[in-house]
Amino acid sequence: MKQKILATFLLLLFLLSCSNKNELWSDAVIDPSLKHDKIFTYLKKSPQKYIYKVRPEVISRRTAYIDNHHKKTNTYENDSTLFEYYQSKIRFVGKDTLNVKIGIDGGLGGNGISIKYKGGKFKIVPFIYTDQPNVKNNSEIKIIHQNLILDKVSYKINDSIYGIIDFEIHEKNLQGTTIHSGKMYFMNFISKN
């Protein structure tokens, strides 16, 4: 009897661990010459555009260049015209995990992708937030491919970071399946929060 209970418990534990394997961590590629790419020179010379009006002293240089970003569902297809409003925000979460968010922030809501980087490995997930308190994103994520190139292996607060992310993700939720794919360049300084 104890063996059956133990076998059932182990089978249940195995099934639960398999269902949590949606997180695929991949190895990042390090290229110290990346920061010399002409896209980053362009970003350094281009002012950031904002969806909403900002004070003149807030205006800064662009931090993201979207080579392409494609969203496709069974009801619509979107090649966003808002790419020039995308920004990268980069900070540490905890002591050793870098969080790179590339997307659009409209004040009341936003969306884009989030890259978690730790110990030379990374994973990517789409994000969305809204001012609607009851809206939750309960999605199942399947990563088809993800490639990240960074200029260094490790970073600390106030370091500059240069990167390129290329990806395809399938996101399944109550509304159906959304296919996210794209290639994005990002650069910024790493902030505390």
Side-chain angles (χ1 to χ4, degrees), residues 21-49 60-72 77-105 110-129 139-171 178-193:
K21 299 264 184 207
N22 286 334
E23 298 182 4
L24 176 66
W25 288 81
S26 299
D27 292 323
V29 174
I30 306 304
D31 179 0
S33 68
L34 184 64
K35 61 184 169 185
H36 302 295
D37 190 297
K38 63 184 176 185
I39 295 293
F40 297 116
T41 303
Y42 166 75
L43 287 175
K44 289 175 187 176
K45 294 178 181 179
S46 302
Q48 178 65 49
K49 292 186 178 182
S60 59
R61 65 177 166 74
R62 283 184 64 182
T63 59
Y65 177 83
I66 312 307
D67 193 8
N68 67 66
H69 184 212
H70 192 74
K71 278 173 99 168
K72 180 180 178 182
E77 215 168 312
N78 177 22
D79 285 319
S80 181
T81 57
L82 300 173
F83 290 158
E84 52 195 26
Y85 296 99
Y86 276 46
Q87 300 177 51
S88 67
K89 296 179 180 178
I90 306 166
R91 65 184 181 91
F92 276 102
V93 178
K95 293 180 182 178
D96 57 357
T97 303
L98 199 58
N99 183 29
V100 177
K101 279 192 166 185
I102 305 170
I104 194 162
D105 179 6
N111 66 71
I113 63 159
S114 180
I115 305 164
K116 306 283 188 220
Y117 176 75
K118 177 180 180 177
K121 296 196 175 288
F122 75 98
K123 70 176 180 175
I124 180 174
V125 293
F127 75 84
I128 186 166
Y129 71 92
S139 298
E140 180 182 314
I141 304 296
K142 181 178 180 185
I143 298 170
I144 305 305
H145 81 268
Q146 58 180 2
N147 300 306
L148 176 67
I149 304 171
L150 294 173
D151 64 318
K152 295 192 306 190
V153 174
S154 62
Y155 299 91
K156 57 185 186 292
I157 294 172
N158 296 325
D159 276 357
S160 60
I161 180 172
Y162 297 85
I164 303 172
I165 185 75
D166 179 28
F167 63 93
E168 182 177 336
I169 301 169
H170 295 191
E171 178 182 17
T178 303
I179 299 171
H180 303 266
S181 62
K183 182 176 182 182
M184 303 176 177
Y185 294 75
F186 61 92
M187 63 178 226
N188 213 333
F189 293 98
I190 299 169
S191 65
K192 277 187 180 180
N193 43 354

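Positions are given from 1 along the sequence. Predicted model only: the values in this text are computed from it and were never measured. Quick note: numbers below take in every heavy atom, side chains included, and nothing from hydrogens, waters or symmetry partners.
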About how many Å separate CG of L150 and CD1 of I115, when rounded to the nearest 0.5 Å? 8.0 Å
Between OH of Y65 and CE of M187, what distance do you get to the nearest 0.5 Å? 14.0 Å
How far apart are the closest heavy atoms of A64 and S88, and which atoms are they? CB-N, 4.1 Å
In short, T63 meets Q48 closest at the heavy-atom pair N-OE1, 3.6 Å
Heavy atoms of S33 and D31 approach each other most closely as OG-OD1, 2.7 Å
Out of K89, K116, R91, which one pairs with N99 under the side-chain hydrogen bond (donor to acceptor under 3.5 Å, both in side chains) rule? K116
Under the rule for side-chain contact (heavy atoms from CB on, under 4.5 Å), what residues qualify as partners of D151, not counting sequence neighbours? L34, Y155, I161, Y162
Would you call I141 and P126 a side-chain contact if the rule is heavy atoms closer than 4.5 Å? yes
Please list, chain by chain and in numerical order, all residues satisfying side-chain contact (heavy atoms from CB on, under 4.5 Å) with H145, sequence neighbours excluded. N147, D166, E168
Derivation of the side-chain contact (heavy atoms from CB on, under 4.5 Å) call for F92 and I190: CA-CA 8 Å; F92 276 102; I190 299 169; 3.8 Å; yes
Between F40 and G163, the two heavy atoms sitting closest are CZ-O, 3.6 Å
Specify the closest pair of heavy atoms between Y117 and K152, including all atoms of both residues, with the distance to one decimal. OH-O, 4.1 Å
State the CD1-OH distance between I102 and Y86, to the nearest 0.5 angstrom. 10.0 Å
Quick one: pull up OG1 in T178 and NE2 in H170 and give me the separation to the nearest 0.5 Å. 10.0 Å
What distance do I165 atom CD1 and F122 atom CZ have between them, rounded to the nearest 0.5 Å? 4.5 Å
Separation of N158 CG from F189 CZ (nearest 0.5 Å): 8.5 Å
Let me see the working for M184 and I113 under side-chain contact (heavy atoms from CB on, under 4.5 Å), right down to the final yes or no. CA-CA 10 Å; M184 303 176 177; I113 63 159; 3.7 Å; yes
Check L24 against Q146 and note the closest heavy-atom contact, atom names and distance. O-NE2, 2.8 Å
Does any N or O in the side chain of S191 come within less than 3.5 Å of the main-chain N or O of I90, such that one atom is a donor and the other an acceptor? yes
